[in-house]
Amino acid sequence: MDFELLPIYFENFKKYMDKSISNVIKQYGITFIQFRPIVLLSRHKEDGLSLQELTETIGIDKANVTRVINGLLEKEIVYKSDLKQRGYKIKLTKKGLEIVTKLMKEKEQMREKLFSCFNKTEREQFLKLLIKMYKSIQNGEEQ
C-alpha cells in the first residue's frame, strides 16, 4: 500500500461513516453534531456530564456545545439536573434514552456491515492499531 494514499483512504472512510450515521440519526430529528453528546451522555447515564466536561470531551468550543445542548433541551432529549453547589449536569431524558437504545442497535448493524470483511481477530487487531496510531499522534502533538 502506498503511504501517500493513506490520507485518501482515511478521508473516504470518514465520509462513509459520517454519511451512514447521518442517515440513521436523521429519522430521529437529530443532527450529526447533536449525536456526539448524546452518545457521550449515554455512557454517563447516572451522573450525567457538566457543560465543561462535554466541551473538553467533544473538542469544540463552549459556545457551540451550549448551542447543541440547548437544541437537545428543546427536543426534550436531555435535561439539566440541579446539583445546587456545583452547578448542573446534563442528562438524557427518557426520550433521549429510548433514542440512544434505537441508535445503538442501528449503529451496531452498521458496524457489522462495515467490518464484515474482517474476521474477529482482524477486527480487534485493526481497532487496536488504529487506536495506537491515534494515541501516538496525540502524544506527538502534546510535545
Side-chain angles (χ1 to χ4, degrees), residues 1 3-84 86-142:
M1 178 171 79
F3 180 77
E4 292 79 21
L5 294 178
L6 200 56
I8 295 168
Y9 292 136
F10 279 128
E11 180 64 25
N12 288 337
F13 183 73
K14 183 187 178 312
K15 283 180 185 177
Y16 173 79
M17 293 286 292
D18 289 352
K19 183 180 176 186
S20 297
I21 291 169
S22 291
N23 288 339
V24 169
I25 62 176
K26 245 188 253 180
Q27 57 190 309
Y28 299 104
I30 298 168
T31 64
F32 191 75
I33 197 160
Q34 291 172 328
F35 176 70
R36 290 162 59 185
I38 290 171
V39 171
L40 287 172
L41 291 168
S42 74
R43 295 179 179 163
H44 300 274
K45 292 175 188 153
E46 298 300 318
D47 299 330
L49 292 170
S50 69
L51 202 55
Q52 184 63 36
E53 291 168 323
L54 281 166
T55 300
E56 290 169 3
T57 308
I58 293 173
I60 58 176
D61 63 76
K62 193 172 184 177
N64 281 324
V65 172
T66 300
R67 215 173 353 266
V68 168
I69 295 303
N70 286 338
L72 293 172
L73 285 164
E74 288 175 19
K75 294 177 182 183
E76 298 179 346
I77 293 172
V78 300
Y79 70 97
K80 295 178 181 179
S81 70
D82 190 18
L83 297 175
K84 303 287 183 211
R86 297 182 302 193
Y88 61 88
K89 296 274 188 166
I90 309 293
K91 294 184 175 185
L92 291 171
T93 62
K94 183 178 178 183
K95 177 181 175 181
L97 290 168
E98 289 170 2
I99 288 172
V100 163
T101 301
K102 292 174 185 174
L103 284 173
M104 291 306 145
K105 284 180 185 174
E106 293 191 39
K107 188 177 168 195
E108 183 59 35
Q109 290 172 349
M110 184 183 75
R111 181 184 355 222
E112 287 301 317
K113 179 181 174 186
L114 185 66
F115 289 106
S116 63
C117 61
F118 294 145
N119 64 39
K120 185 179 178 185
T121 304
E122 290 171 331
R123 184 181 305 186
E124 290 170 359
Q125 190 175 30
F126 173 78
L127 292 173
K128 284 179 185 177
L129 291 171
L130 196 58
I131 291 167
K132 183 177 181 178
M133 184 170 35
Y134 177 75
K135 287 181 179 179
S136 173
I137 292 167
Q138 260 187 329
N139 291 337
E141 288 178 354
E142 292 173 2

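This one's a predicted model, so the numbers in the text were calculated from it and none came from an experiment.
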When you compare the side chain of Arg36 with that of Val68, does any pair of heavy atoms fall below 4.5 Å?
no

Between Ile90 and Leu49, is a side chain to side chain contact (heavy atoms under 4.5 Å, CB included) present by the stated rule, with each step listed?
CA-CA 5 Å; Ile90 309 293; Leu49 292 170; 5.5 Å; no

Exam field: side chain Ser50 to backbone Lys89, donor-acceptor pair closer than 3.5 Å
no

Under a 3.5 Å distance rule, please check whether Ser42 uses its side chain to pair with a backbone N or O of Val100 as donor and acceptor.
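Absent.
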
Check ring pair (Phe, Tyr, Trp, His ring centres under 6.0 Å) between Phe10 and all other residues, then give those that pass, not counting sequence neighbours.
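Ring pair (Phe, Tyr, Trp, His ring centres under 6.0 Å) check on Phe10 returns nothing, list empty.
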
Going by salt bridge (Lys or Arg N to Asp or Glu O under 4.0 Å), name the residues that satisfy it together with Glu74, two or more places apart in sequence or in a different chain.
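Here no residue qualifies.
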
Nearest atoms (heavy-atom pairs only) where Glu122 meets Cys117
OE1-O, 4.0 Å

Looking only at heavy atoms, which two atoms of Ser81 and Lys91 are closest? And how far apart?
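Heavy atoms of Ser81 and Lys91 come nearest at OG-CE, 3.7 Å.
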
From [X] atom [atom1] to [Y] atom [atom2], the distance as rounded to the nearest 0.5 Å:
X      : Y      : atom1 : atom2 : result
Ile38  : Leu72  : CD1   : CG    : 5.0 Å
Lys113 : Ser20  : NZ    : OG    : 6.5 Å
Lys94  : Ile99  : NZ    : CD1   : 13.0 Å
Met110 : Leu114 : CE    : CG    : 7.0 Å

Let me check something: any side-chain donor-acceptor pairs from residues 55-66 under 3.5 Å, sequence neighbours excluded? List them with distances.
residue, atom, partner, partner atom, Å
Thr55, OG1, Leu51, O, 2.8
Glu56, OE2, Gln52, NE2, 2.9
Thr57, OG1, Glu53, O, 2.8
Asp61, OD1, Ala63, N, 3.1
Asp61, OD1, Asn64, N, 3.0
Asp61, OD2, Asn64, ND2, 3.0
Asn64, OD1, Arg67, NH2, 2.5
Thr66, OG1, Lys62, O, 2.8

Tell me every residue that passes side chain to side chain contact (heavy atoms under 4.5 Å, CB included) with Leu97, counting only those two or more places apart in sequence or in another chain.
Lys45, Leu92

What residues, two or more places apart in sequence or in another chain, satisfy side chain to side chain contact (heavy atoms under 4.5 Å, CB included) together with Lys15?
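Counting only residues at least two positions away or on another chain, Lys15 forms a side chain to side chain contact (heavy atoms under 4.5 Å, CB included) with Glu11, Asn12.
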
For residues 22-34, run the donor-acceptor check on the side chains, cut-off 3.5 Å, and write out each pair with its distance to 0.1 Å, sequence neighbours left out.
residue, atom, partner, partner atom, Å
Ser22, OG, Asp18, O, 2.9
Asn23, ND2, Lys19, O, 3.3
Gln27, NE2, Val24, O, 3.1
Gln27, NE2, Glu106, OE1, 3.1
Tyr28, OH, Glu106, OE2, 2.9
Thr31, OG1, Gln34, N, 3.3
Thr31, OG1, Gln34, OE1, 3.3
Gln34, OE1, Thr31, N, 3.0
Gln34, OE1, Lys75, NZ, 3.1

Under 6.0 Å from the NZ atom of Lys105, do we count more than 12 heavy atoms belonging to anything else shown?
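No, because the 6.0 Å sphere around NZ of Lys105 holds 12 heavy atoms or fewer from other groups.
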
Could you tell me if Lys80 sits above the aromatic ring of Tyr88, with its cationic atom closer than 6.0 Å to the ring centre and no more than 45 degrees from the axis?
yes

Less than 4.0 Å between a side-chain N and a carboxylate O, is that true for Arg111 and Glu108?
yes

Using a 3.5 Å cut-off and no angle test, enumerate the donor-acceptor pairs between side-chain atoms of residues 123-135 and protein atoms at least two apart in sequence or in another chain.
residue, atom, partner, partner atom, Å
Arg123, NH1, Glu112, OE2, 3.3
Arg123, NH2, Phe115, O, 3.4
Tyr134, OH, Gln138, NE2, 3.4

